[in-house]
Amino acid sequence: MLEVSHLCVNYRGIQALEDVCLSLRPGELAGLIGPNGAGKSSLIKAVLGLVPAQGKVWLNDAPVRRQRHRIAYVPQRSQIDWDYPITVWNVVLMALNSTNGWWRRPGKAAQKLAAEALEQVDMWALRHRPIGALSGGQQQRVFLARALAQQADLLLFDEPFTGVDKATEFILLDIFGQLRQQGKTLLVCSHEWGEALNRYDRLLLLNRRLLANDAPAAVMTLDNIRQAYGENLQPAAQTGLQIPFFC
Amino acid sequence: MDWLTLPINYEFMRHALLMGLLVGLFSPVVGCYLVVQRITLLGDVIAHAVLPGLAIANFAGFDILIGAFVSGMLSTGFIAWVKEQSRVKLDSVMALTFASFFALGVTLLTVLRNRVDLDSLLFGDILSTTPTELWRTGITGAVVLGLVLLFYRPLLFYTFDPAGAEAVGLPIRLINFGLMAGITLTIIVGMQAVGVILVISLMVGPSITAYLLVNQLHSMMALGAVIGAIASLSGIYVSYYLDLPSGPAISLVVFTFFILALLLSPSQGILSRHLSRQLKGKL
């Protein structure tokens with residue numbers, strides 16, 4: 001169970017997050033939405049301890065910073081240099097060293113986990129390819145495999161559906177389903193809109209503060225949307241038009 | 001083969017060749033980290049920023065290696081601090097730090113009436129390498145190389161995905177400090193061979209030449225080291241026979257290797273791509 005209480009994040013005097021409180025249960029798939037600059041990435045980074053934050057972030061009744069091995073993080077695609085000289089296999093292996101010392105080569109057990117994860121995302125055949133030679137969707141799957149191999153309890157995804165093909169989207173959703181069944185907690189920062197949001201058990205609507213935190217139908221009300229995105233969305237929402245990528 | 005053995009008869013040439021070999025081997029290995037993190041300019045900044053430390057150490061009478069190291073590390077610390085505390089972008093802070101530290105160095109050299117030869121500092125003086133310098137270079141290089149081997153995996157993670165590395169709990173501040181220290185030491189050692197201005201070519205040139213030929217960081221380091229060593233040695237021979245300054249000669253050989261790889265690399269060469277397209281067209 002992830003518990004976040006009274007979380008505040010400040011960047012050089014600008015308040016990125018204000019008094020955010022939420023809790024996510026095991027087996028829950030939560031979507032994190034909100035306009036550009038709403039603090040979605042900041043929330044994910046604060047949970048991971050990557051940015052200085054005030055407040056409490058606990059996982060299973062202990063502070064997150066003491067149990068980072070129980071968290072897996074899939075960064076935004078734009079954060080990675082895809083021309084880095086590294087193969088698929090080594091990307092998946094790189095996060096698996098924490099248990100037996102970082103200077104040692106990963107043992108057989110770690111290699112088995114990496115191999116299984118790559119098979120799960122249908123990338124085993126391409127394991128010797130440099131990551132720069134893959135499509136956007138395949139690259140996203142490699143990072144998903146890295147997160148799977150970590151066998152974490154909490155998985156954080158920063159815009160996993162951006163710039164991926166249908167095949168990858170299908171694999172991602174299938175694996176999200178499996179992870180839910182295994183009792184893992186998933187928090188997905190997303191730019192999706194419309195029907196796609198129904199795939200989440202719960203939506204967190206953020207604009208510096210947490211404006212709504214409930215089932216998708218209860219969150220996506222006109223009032224909430226207006227509060228988060230501003231007045232100009234009203235006509236589009238009223239006529240029922242599909243609003244494309246939002247943030 | 002006389003041309004190959006003739007220079008070895010001179011002691012100063014033996015020292016120069018050995019120094020070239022050592023610096024040529026070590027510099028590209030560390031230089032690879034500059035390349036993959038896209039901070040190659042930082043190497044240039046550090047190379048110029050060691051000057052104030054050199055001047056003070058020379059004046060106060062302590063080891064110039066220590067002065068240079070502290071000064072170089074201060075410049076990286078200053079860059080990191082400004083980047084963290086303001087919205088000024090990395091390239092601008094680097095450019096300003098580069099110029100300011102260098103200006104401070106030249107000022108201190110003048111004010112403190114140092115007898116440091118600015119010319120040999122800027123362009124290197126590999127032909128006057130002493131056995132003590134050789135030992136120092138060998139030991140420093142071996143230590144840096146040993147640390148790269150020992151911490152290869154966390155360094156790979158950190159340089160590829162810093163946020164991911166921090167998320168799994170790697171001590172990234174310590175890793176970054178170690179990396180900066182390794183880069184600074186390598187630069188100071190390389191400076192003796194090719195000087196402040198050209199040391200960046202030995203760190204970056206062989207690394208990006210290897211980058212065009214192989215697909216993994218460790219292969220890039222190994223091939224970069226081989227290219228660096230060959231370029232250094234050939235540069236010294238070229239300088240001996242054509243009576244050219246040795247630092248620039250080494251840098252120009254490095255550049256020639258890069259151009260060859262850029263044109264002819266089997267996978268990414270401009271000419272090879274063109275030829276393979278033409279061949280496909282004929283078939």
Side-chain angles (χ1 to χ4, degrees), chain A residues 11-14 41 44-45 47-52 64-76 79-91 93-106 110 128-133 142-143 146-147 150 152 154-156 158, chain B residues 28 31-39 81-88 146-175 178 207-224 265 267-268:
Chain A
Y11 282 123
R12 297 194 287 260
I14 298 163
S41 287
I44 288 199
K45 284 180 177 165
V47 169
L48 287 162
L50 301 186
V51 290
V64 156
R65 63 175 181 278
R66 281 194 224 142
Q67 36 178 353
R68 282 175 158 170
H69 60 282
R70 298 174 83 169
I71 305 175
Y73 169 52
V74 176
Q76 263 183 49
Q79 275 187 28
I80 301 296
D81 172 13
W82 296 104
D83 285 325
Y84 194 101
I86 191 167
T87 58
V88 167
W89 177 244
N90 281 329
V91 170
L93 268 191
M94 72 168 36
L96 290 176
N97 306 37
S98 52
T99 44
N100 59 345
W102 279 100
W103 50 88
R104 296 212 192 126
R105 291 173 70 83
H128 297 307
R129 287 260 179 103
I131 50 157
V142 175
F143 271 72
R146 189 178 82 172
Q150 280 176 267
L154 171 67
L155 293 99
L156 303 168
D158 205 346
Chain B
C32 282
Y33 287 118
L34 289 174
V35 172
V36 295
Q37 289 189 97
R38 306 188 200 177
I39 50 166
W81 180 70
V82 175
K83 198 184 143 228
E84 216 173 273
Q85 297 295 322
S86 79
R87 59 181 197 160
V88 179
L147 290 174
V148 167
L149 282 174
L150 189 61
F151 295 110
Y152 177 79
R153 302 195 68 81
L155 282 168
L156 177 76
F157 199 169
Y158 170 70
T159 53
F160 174 61
D161 176 14
E166 193 179 3
V168 299
L170 276 179
I172 61 155
R173 276 177 189 275
L174 188 68
I175 292 176
S207 315
I208 53 173
T209 307
Y211 179 68
L212 291 173
L213 298 165
V214 293
N215 282 326
Q216 298 222 57
L217 183 67
H218 58 86
S219 339
M220 186 175 150
M221 286 173 163
L223 185 59
S265 154
S267 57
Q268 299 166 65

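Letters A, B, ... mirror the listed sequences (proteins, then strands); counts begin at 1.
Ranked by heavy-atom pairs under 4.5 Å with chain A, the first of B:Pro162, B:Ala165, B:Cys32, B:Ser86 is B:Ser86. The most heavy-atom pairs under 4.5 Å with chain B, out of A:Lys45, A:Gln79, A:Arg146, come from A:Arg146.
Only the side chain of B:Arg38 has a heavy atom closer than 4.5 Å to any heavy atom of chain A. The contact between A:Ile131 and chain B is made entirely by side chain atoms (from C-beta outward), counting heavy-atom distances below 4.5 Å. Neither the backbone nor the side chain of B:Gln37 comes within less than 4.5 Å of any heavy atom in chain A. Of the atoms belonging to A:Val91, it is side-chain heavy atoms, and not backbone ones, that fall under 4.5 Å from chain B. Within the 4.5 angstrom heavy-atom criterion, no atom of A:Tyr11 approaches chain B.
Of all non-hydrogen atoms in A:Ala72 and A:Ala152, the two that sit nearest each other are N-CB, 3.4 Å. Closest heavy-atom contact between A:Ser41 and A:Gln76: OG-NE2, 3.3 Å. Closest approach of A:Pro75 to B:Asp161, counting heavy atoms only: CG-OD2, 4.0 Å.
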Which donor-acceptor pairs under 3.5 Å do side chains of residues 212-219 of chain B form with protein atoms, sequence neighbours excluded?
from, atom 1, to, atom 2, distance (Å)
B:Gln216, OE1, A:Asn90, ND2, 2.7

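For B:Tyr158, the side-chain hydrogen bond (donor to acceptor under 3.5 Å, both in side chains) partners two or more places apart in sequence, or in a different chain, are B:Asn176.
Taking the six-membered ring where the residue is Trp, B:Phe160 and A:Trp82 present perpendicular rings, their angle passing 60° and hence far from 30°.
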